[in-house]
Amino acid sequence: GATPEEWNEAAKATHETQAMVQCPGCSRRFKDDETMRKHQRLCVSNEGSGGRQLCPEMEAAAEVKRKEFEAKLAAEGGGVGACTGKPKGPPTVVCYICGREYGQS
């Protein structure tokens with residue numbers, strides 16, 4: 001006989017293939033058509049749409065912030081692959097749009 005874990009895996013696989021709706025763009029599965037349609041509006045794999053789009057003004061502002069950030073990194077000597085050898089605290093991620101640092105978990 002099969003173990004409970006094997007039964008659970010088989011049941012999960014059956015449920016995902018028979019009861020759930022698959023996104024044609026990224027192959028993720030959703031509980032119903034409505035949830036999948038909501039996902040499709042933002043799916044980065046949608047053919048032809050290029051995924052989520054910013055308005056031209058926001059795209060221009062994001063590009064300016066990106067360039068400012070890259071210039072700041074270059075001025076500090078912290079380009080790609082730069083390592084000072086000493087940790088600066090907990091890991092963070094810098095938003096390329098606003099330049100703020102956010103904690104990373």
**Q.** side-chain contact (heavy atoms from CB on, under 4.5 Å) between R28 and H39, intermediate numbers included
**A.** CA-CA 9 Å; R28 283 185 57 191; H39 159 78; 4.0 Å; yes
Q. With a 4.5 Å limit on heavy-atom distance, are the side chains of E101 and C95 in contact?
A. no
Q | Between CG on residue D32 and NZ on residue K38, distance to nearest 0.5 Å | A | 8.5 Å
Q: Mind listing the closest non-hydrogen atom pair of I97 and A62 along with its distance?
A: CG1-CB, 4.1 Å
Q | Shortest non-hydrogen contact between M36 and F30, atoms and distance | A | CG-CD1, 3.6 Å
Q) Can you name the nearest heavy-atom pair linking C23 to C26, along with the distance? A) SG-N, 3.6 Å
Q.
Return the CG to NE2 distance between N8 and H15, rounded to the nearest 0.5 Å.
A. 13.0 Å
**Q.** Separation of E63 CD from Y96 OH (nearest 0.5 Å)
**A.** 9.5 Å
Q | T35 (side chain) donor-acceptor with K31 (main chain) under 3.5 angstrom | A | no
Q: Flag the pair E34 and R37 as a salt bridge only when some basic side-chain nitrogen lies within less than 4.0 angstrom of an acidic carboxylate oxygen.
A: no
Q | K72 with E68: basic N within carboxylate O range, under 4.0 Å | A | no
Q | Test log, rule salt bridge (charged side-chain N to carboxylate O under 4.0 Å, His left out), inputs E9 and K12 | A | CA-CA 5 Å; E9 285 297 317; K12 180 182 175 187; 5.3 Å; no
(Q) With a 4.5 Å cut-off on side-chain heavy-atom distances among I, L, V, M, F, W and Y, is there a chain of contacts connecting L73 to V94? (A) yes
